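Please read these numbers as outputs of a predicted model, since none were measured by experiment. Index from 1, following the sequence.
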Amino acid sequence: MNEEFLGQLSLYETMGCDVDMTCASYKQYRLQKVTEKYPELLKLPQEVFASDPCSMAQTAEVLYRCRKCRRSLFRETSILNHALGTGAAAFAHKRPPSLQKVDSTKCTSYFVEPVQWMEEALLGVMDGQLLCPKCSSKLGSFNWYGVQCSCGRWVTPAFQIHKNRVDEAKTLHIRGIQQSDT
């Protein structure tokens, strides 16, 4: 059997034998297919990009905002979770033996699906920086061929936002009043 077909069947099974377009695994699969179909990355279909949270009505969903200017950047549903890698052992080839210590495996970045505000930076280039659309502060980077997470896992394609550059904002409901907790 074709390995790609087996991968598709496995994904289908992971989604409960139903095509769930909100599933992180499906979103990652779709992004990989986009890079195959549009290798020049010039005219990407709009459905590749998640809606900009600034252009949508406020919901109870968790938002992530630029730490510097507080601009909403992406929603929790845009995060593409990945299995943890082997941590420092994955980077052992880059370090001298005296510095090869085993430390806790922890991701220091969010890997997200592309959001509408990223479109201009992504078109026609394979990799680059992701800057806040409001204050131009560096948030992270992207690479259509992928990058290695701090946990050691390889993520392809990668739209990486550093956790120390954004704040999580949850909506609180207090006696019928909506407030955003930042």
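Arg71 is linked by a side chain to side chain donor-acceptor pair (under 3.5 Å) to Asp52, counting only residues two or more places apart in sequence or in another chain. Considering only residues two or more places apart in sequence or on other chains, Arg67 meets the salt bridge (charged side-chain N to carboxylate O under 4.0 Å, His left out) condition with Asp167. Under the rule for a salt bridge (charged side-chain N to carboxylate O under 4.0 Å, His left out), the partners of Glu4 that lie at least two apart in sequence or sit in another chain are Lys33.
When ring centroids are compared, Tyr145 and Trp154 stay outside the 6.0 Å threshold.
Across all non-hydrogen atoms, the minimal contact from Arg75 to Tyr64 is C-CD1, 4.3 Å. Of all non-hydrogen atoms in Ala83 and Arg153, the two that sit nearest each other are O-NE, 3.0 Å. Closest approach of Arg65 to Ser72, counting heavy atoms only: NE-OG, 3.5 Å.
Annotation: the span from Asn143 atom CG to Gln160 atom CD amounts to 9.5 Å, rounded to 0.5 Å. A distance of 11.0 Å separates CG of Leu84 from NZ of Lys106, quoted to the nearest 0.5 Å.
Formation of a donor-acceptor pair under 3.5 Å by the Ser10 side chain with backbone atoms of Leu6 is not found in this model.
In this pair, Tyr110 and Phe74 present their aromatic rings perpendicular. The plane angle is above 60°, beyond the 30 to 60° band. Aromatic ring orientation, Phe142 versus Phe159: parallel (interplanar angle below 30°, classes split at 30° and 60°).
Each side chain to side chain donor-acceptor pair (under 3.5 Å) pair with one or both residues in residues 76-85, not counting sequence neighbours, appears once here: Glu61-Thr77, Ser78-Glu113.
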With a 3.5 Å cut-off and sequence neighbours excluded, list the donor-acceptor pairs that the side chains of residues 117-141 form with protein atoms.
| residue | atom | partner | partner atom | Å |
| --- | --- | --- | --- | --- |
| Trp117 | NE1 | Leu73 | O | 2.7 |
| Glu119 | OE2 | Gln46 | NE2 | 3.0 |

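The number of heavy-atom neighbours closer than 6.0 Å to NZ of Lys68, taken from other residues, nucleotides and ligands shown, is 12 or below.
By the 4.5 Å heavy-atom criterion applied to side chains, Pro53 and Val115 are counted as neighbours.
If you chain together ILVMFWY residues whose side-chain heavy atoms come under 4.5 Å of each other, Val147 ends up grouped with Phe111, Val155.
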